[in-house]
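Atom set for the values below is all heavy atoms of this structure, side chains included, hydrogens, waters and symmetry mates excluded. The first residue in the sequence is number 1, and the count goes up from there.
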Amino acid sequence: MSPNSADASSADPHLWLEDVLGEKQLEWVEQCNKKCIETVGDPKKTEAYTRIKSILDSKDKIPHAYRIGNDADSQYYNFWQDEQHVQGIWRRTSLTSYKSKDPEWTTVLDLDALLPPTTDTAKTWVWHGSTLLDEGPSSKWDRSIIRLSPGGSDADTAREFDLKTEQFVDPDGPDRGFALDQPAKTRMAYRSRDEVLVGTDFGQDGSALTDSGYPRIVKSWKRGTPIEEAVTVFEGEQTDIAAHQYAFHDRGFVHEFQLRSITFYTSKYFYRSLTADGIASTTADEETTPFKEVPIPEDAELGVFADMAMITLRSDFEAPSTGVAFKAGSLITLPISELMENDWSNAFAMFEPTPNRSLSSTSETKDYNILKILEDVKTKLEFWHYNANTKSWTKQGGDDADGGAVPVGQDVSVGSHCRDSSADNKLWLWRDGYLVPDTLEMASAEDCCAKTEPIKSKPAMFSADGLCVEQHFATSADGAKIPYFVMRKKDLVMDGSNPVLLDAYGGFEISMLPGYSAGVGAGWLERGGTKVVANIRGGGEYGPTWHQAALKEKRYKCFEDMEAVAQDLIDKKLTSREKLACIGGSNGGLLVGNLITRPIASSLFGAAVCQVPLLDMKRYTKLLAGASWAGEYGDPDTDDWMFLRKHSPYHLLRHDILGKPELGDDEVLGEPTETTNADWTCPKTLFTTSTRDDRVHPGHARKMVAALLEEAGVEKAPQALYWENTEGGHGGAADNAQRAHMWALTYNFLAITLGLEK
């Protein structure tokens, strides 16, 4: 049955809310927003809003700045938002000035000075970043592609910008700048000074996009020619997530790749090696060097360092030419020329995981690859030096060079101070923690950051006096140990009366690591609340196997993990059901949706906050970017629906709990059924989303709220509130005022619901 057929509305009476910009639909949103504010109060009139907005606008924040160019006088660039620069400014300063207490900044681009967007409900521009023209060792670093989003959507515009004149390059002027002014999910990057590789919605009819809504076709676009004359150089499949082609200079080598992103976790790479003269003089469509498929597992990720391939495994792998076995989660390196011949004889495992040790990320400098390693969610750093003459790697300082893990609840990370990581071996070193404000130091990979120069430190933006951080482990239903962090008062009385907010994500191999959030501190901890962060399966805290343990049909594992953590908190008398809330966004919103509808979980929580969520898992692949996540959740149009149905909160609510008729496999609407949980009561829940979210469709949250309000009623759903921002994209907010509004609303709702405040 098509959702547009005559009986679609009887199968799903809330389907009409998927029309994002319909007049009736926006009236429904307006009514829900009004009811939400009437119930919780206007956030802008509260101390929480004032505090959070002042934090977001504070000039005491550390500006993340990175050098563009490799000359002695090259400048450090930063994007900044505050009360005076609502949409933000891109600005620059010297290193000497940046190190000072009050740097002297020069504005490069002022978003507030631009004409506003005219796309649907969008009123503001949201910075999506810059892509530089890198021409190798002799690069002038004078051009960039600037991406700006109307209202915060994933779809954005792309325009060439001159870093010397600090003006957009006029497409009709003498330099014939590159510009795509129609918002789309565009990928555009320089191949050479006069050529970009671009994937976008060519023709604005969707024919050049995949089922997931991302570019399927990549074209070579030459300066001074209309986009209509761009030449196709690569095409992916319609069912792929996206197709890419990209070329870059790296430590004296020139690499060009084609990439089919088949699913979220599988890809096919194609490669050719070029020369600096060749890429500058020959466009992609005229280059005769053929691409060859890279012989690595489809679920592996591929990068390069100089002439070395860097391969991260998601599954166990046996090298074909040697029989050497490598574990899932390993980082393997070998010369890319040998890899292309399927010769693994010189393959070397730079990192191998253990049950409690995983690779979180890597950073590069001119001669070093730095590994960020997690041991039970505590960070260590390892430094590896590359010898270009012998094509070999050496761990610096021996096995103890990492210096031990950081304290519980803290984190450390490094990254090049320069947009060109091959420029030198200097690093920015960042430290922070749940209760520890950010500090920034300049360091060097050459001594493994042993000596550092303090550069910036953020003052405490909330009072952490009397607070502590602990790490505990809960035992899930299958015996797995689930780590979680607790931020609480040291003198907290364990009598079950404490308001606790439990946060988790549990998907896409994303780790929830400690970090300083002044908004959490001011909005929740200072008010007497306790915050808990659970590192449940589905995340990346223990590498790909931890993620895969809750993939597709095993999704329920992450829900059981949350139930285990919640029960552990209650058993320890840290809190009780009436005082415990859960929160999650995006995939975390799907998590929360399951927690408020599962028999066990819904009895453990008194409140919930469900942000930009997926909730209708039958329809999700047909809504916006949903098809790209089938590798994570499964495909509802196949037999996967048998397990997806058990993880779809919208169906659990309407059909299992409320007994509403369900469409069968024969596309015939069934009869009402008996409830599977007569004692179910929905925790008091706040749903938040954005009209401008073009990643996760706002229809998910709209339909769930409509079902709770209209079908469950106040007896089963005592409080179901809904707030939809008309801007903001998947992040839910486009500027600091909107962010402060959303988070003040959230914390005020929780404070009232959990009895922290009246």
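- Classification of K573 and D495 as a salt-bridged pair fails, no side-chain N sitting under 4.0 Å from a carboxylate O.
- Judged by the 6.0 Å and 45° rule, K61 forms a cation-pi pair with W80.
- Taking a 6.0 Å sphere around NZ of K458, one finds it holds more than 12 heavy atoms contributed by other residues, nucleotides or ligands.
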Start with the C-alpha gap between E364 and I370, add the side-chain angles, then the distance that decides, and say whether side-chain contact (heavy atoms from CB on, under 4.5 Å) holds.
CA-CA 6 Å; E364 299 175 353; I370 303 103; over 6 Å; no
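- Salt bridge present: D57 and K53 bring a charged side-chain N and a carboxylate O closer than 4.0 Å.
- Ion pairing between a basic and an acidic side chain is recognised when a charged N comes within 4.0 Å of a carboxylate O; K366 and D424 show no such pairing.
- Between Y98 and Y76, the two ring planes are parallel [angle under 30°; tilted spans 30° to 60°].
- Rounding to the nearest 0.5 angstrom, the gap separating the CD1 atom in I536 from the CZ atom in F559 is 8.5 Å.
- Put simply, OG on S463 and CG on L525 are 10.5 Å apart, with the number rounded to the nearest 0.5 Å.
- Taking 4.0 Å as the cut-off between side-chain N and carboxylate O, E166 and R92 count as a salt-bridged pair.
- The structure places CD of Q719 at 5.5 Å from CZ of F749, a figure rounded to the nearest 0.5 Å.
- Contact annotation: the side chain of I68 approaches that of L163 to within less than 4.5 Å [non-hydrogen atoms, C-beta and beyond].
- For the residue pair D420 and N70, a side-chain donor N or O sits within less than 3.5 Å of a side-chain acceptor on the partner.
- Salt bridge R357/E382: present, at least one basic N to carboxylate O contact under 4.0 Å.
- Side chains of Q410 and K378: no donor on one and acceptor on the other come within 3.5 Å.
- Here the side chains of L574 and V486 are in contact, with some heavy-atom distance below 4.5 Å.
- Taking the side chain as every heavy atom from C-beta outward, S358 and E541 never approach each other to under 4.5 Å.
- Contact of the L429 side chain with the M442 side chain is not registered, since no non-hydrogen atoms from C-beta on lie closer than 4.5 Å.
- Using a cutoff of 4.0 Å between basic side-chain nitrogens and carboxylate oxygens, D503 and K531 are scored as salt-bridged.
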Between W127 and F79, is a ring-ring contact (aromatic ring centres under 6.0 Å, His included) present by the stated rule, with each step listed?
CA-CA 8 Å; W127 177 258; F79 182 75; 4.8 Å; yes
ring-ring contact (aromatic ring centres under 6.0 Å, His included), that's the test. Do W428 and H64 meet it? Break it down for me.
CA-CA 10 Å; W428 289 136; H64 291 233; 9.6 Å; no
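- At a threshold of 4.5 Å between non-hydrogen side-chain atoms, the residues I37 and P43 count as touching.
- Expressed to the nearest 0.5 Å, how far CG of D693 lies from CD of E724 amounts to 9.5 Å.
- Residues passing the side chain to side chain donor-acceptor pair (under 3.5 Å) test with R91 are N78, sequence neighbours excluded.
- Annotation: F687 is not in aromatic contact with W723 [ring centroid separation under 6.0 Å not met].
- Interatomic distance, L114 CG to L148 CG, rounded to the nearest 0.5 Å: 6.5 Å.
- K572 and D568 are joined by a salt bridge, as a carboxylate oxygen and a charged side-chain nitrogen come within less than 4.0 angstrom of each other.
- The side chain to side chain donor-acceptor pair (under 3.5 Å) check on K372 picks up D411, with sequence neighbours excluded.
- For K99, the salt bridge (Lys or Arg N to Asp or Glu O under 4.0 Å) criterion is met by E453, not counting sequence neighbours.
- The distance from the SG atom of C558 to the CD atom of E563 is 10.0 Å, given to the nearest 0.5 Å.
- Residue E441 is tested with K451, K456, R431 for a side-chain hydrogen bond (donor to acceptor under 3.5 Å, both in side chains); the sole match is R431.
- The closest side-chain donor-acceptor pair between R527 and N748 falls under 3.5 angstrom.
- A distance of 6.0 Å or more separates the ring centres of Y516 and Y434.
- When only modelled atom types and interatomic distance are considered, R67 and S416 share no side-chain donor-acceptor pair under 3.5 Å.
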